[in-house]
Amino acid sequence: EHPPSTDGVILLGQGVHDDAAAAVEAMGLPYVVWGAAHGPPERIVVGSDNRAGGRLAADYLSGRGRRQLAFLGDTQHGEVEDRLSGFVEGLAGGDVEIVAQLACAFTVAAARETVTHMIEQGTSFDGIFCASDAIAMGAIDALVAHGRSVPADVSVVGFDDSPGASIFSPKLTSVRQDWALGGVLLAQKVLDLVGGRAVESHMMPVQLVARES
């Protein structure tokens with residue numbers, strides 16, 4: 001149920017297996033979702049072109065001569081699933097191997113633990129694509145703690161181009177999402193839905209911001 005004063009809902013993220021979006025849908029209000037276009041066709045979604053972001057990360061890492069790559073992220077989230085799909089597409093037909101695809105929560109601590117385990121297992125890798133900048137930061141923490149230099153030994157690419165990306169050491173290479181435009185589009189579209197106007201989903205372009213990592 002919803003308060004009588006509520007006219008529409010903006011949902012930031014669909015949740016695992018789309019559960020959050022399904023719960024909002026059940027409220028029966030006009031709603032717009034930030035995320036990936038994985039739901040029913042009538043659902044209005046604003047988000048980034050996550051597949052393109054994955055392809056950009058693949059091009060960047062392979063272009064730097066990296067040949068054994070790892071992916072860190074929770075693919076139960078539609079956006080992360082698309083980032084991995086684009087990454088795999090971007091590497092298809094080349095001589096680059098994905099040596100590890102590891103589920104990882106969107107936190108520094110989870111990534112630190114995941115990469116530490118990968119190192120202790122003896123996995124050989126020279127590049128990591130992380131589904132968020134927080135994951136990238138945790139991965140770098142673990143690499144440095146184990147004597148691996150970033151980027152000399154391992155290149156790391158994050159996703160989001162969060163405010164911390166440019167002040168982290170080393171400065172993060174990351175796929176940038178246009179948060180400001182996304183916020184404007186979400187607000188415009190939910191107001192249009194409430195007003196009974198025709199609305200379409202919108203996937204925004206992304207770009208890779210190359211820094212030090």
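From a predicted model like this one, the values you see are computed outputs, not experimental measurements. Only this structure's heavy atoms are used, side chains among them; waters, hydrogens and symmetry mates stay out.
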Looking only at atom types and distance, does a side-chain atom of [X] sit under 3.5 Å from a main-chain N or O of [Y], one as donor and one as acceptor?
X: S213; Y: T173; answer: yes
X: R51; Y: D82; answer: no
X: S201; Y: V45; answer: yes
X: R67; Y: S62; answer: yes

Test: R148 cationic atom under 6.0 Å from F125 six-membered ring centre, within 45° of axis: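 Because its charged atom sits under 6.0 Å from the ring centre and within 45° of the axis, R148 does stack over F125.
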Find the distance between [atom1] ([X]) and [atom2] ([Y]) and round it off to the nearest 0.5 Å.
X: L84; Y: E89; atom1: CG; atom2: CD; answer: 10.0 Å
X: E81; Y: D74; atom1: CD; atom2: CG; answer: 10.5 Å
X: T123; Y: M118; atom1: OG1; atom2: CE; answer: 6.5 Å
X: H202; Y: I44; atom1: NE2; atom2: CD1; answer: 12.5 Å
X: L11; Y: L186; atom1: CG; atom2: CG; answer: 9.5 Å
X: S132; Y: M137; atom1: OG; atom2: CE; answer: 8.5 Å

Nearest non-hydrogen partners of [X] and [Y], listed with the distance:
X: P151; Y: E212; answer: CG-O, 3.1 Å
X: V156; Y: A136; answer: CG1-CB, 3.8 Å
X: A36; Y: G78; answer: CB-C, 3.7 Å
X: F71; Y: A131; answer: CZ-CB, 4.3 Å
X: L72; Y: A139; answer: CD1-CB, 4.3 Å

Determine whether more than 12 heavy atoms belonging to other residues, nucleotides or ligands lie under 6.0 Å from atom [atom1] of [X].
X: E42; atom1: CD; result: yes
X: H117; atom1: NE2; result: no
X: E113; atom1: CD; result: no

Would you kindly confirm whether [X] and [Y] end up in one hydrophobic cluster when ILVMFWY residues are joined by side chain heavy atoms under 4.5 Å apart?
X: V184; Y: M203; answer: no
X: Y60; Y: V96; answer: yes
X: L181; Y: V209; answer: no
X: M27; Y: L193; answer: no
X: V46; Y: V80; answer: no

Should T116 and H146 be marked as a side chain to side chain contact (heavy atoms under 4.5 Å, CB included) after you check the CA-CA gap, both sets of side-chain angles, and the distance that decides it? CA-CA 8 Å; T116 295; H146 288 80; 3.6 Å; yes
Would you say that [X] contacts [Y] through its side chain, given a criterion of any heavy-atom pair below 4.5 Å between the two side chains?
X: F87; Y: L61; value: yes
X: I119; Y: L143; value: yes
X: L69; Y: D126; value: yes
X: L172; Y: I140; value: yes
X: I128; Y: I135; value: no
X: D133; Y: F168; value: no
X: L185; Y: M204; value: yes

Quick one: do V24 and V33 satisfy side chain to side chain contact (heavy atoms under 4.5 Å, CB included)? Show the steps, please. CA-CA 10 Å; V24 169; V33 179; over 6 Å; no
Pair R211-D161, salt bridge (charged side-chain N to carboxylate O under 4.0 Å, His left out): steps then yes or no: CA-CA 11 Å; R211 296 194 179 93; D161 193 28; 2.9 Å; yes
Apply side chain to side chain donor-acceptor pair (under 3.5 Å) to R43 and Y31, showing your working. CA-CA 8 Å; R43 179 182 296 163; Y31 73 104; 3.2 Å; yes
Mind telling me whether F129 and F159 have parallel, tilted or perpendicular rings, with 30° and 60° as the class edges?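 Tilted: the ring planes of F159 and F129 meet at 30° to 60°.
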Side-chain donor-acceptor contact under 3.5 Å, Q177 with D160: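 D160 and Q177 do have a side-chain donor-acceptor pair below 3.5 Å.
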Would you please test C130 and F106 for side chain to side chain contact (heavy atoms under 4.5 Å, CB included) and show each step? CA-CA 9 Å; C130 301; F106 292 100; over 6 Å; no
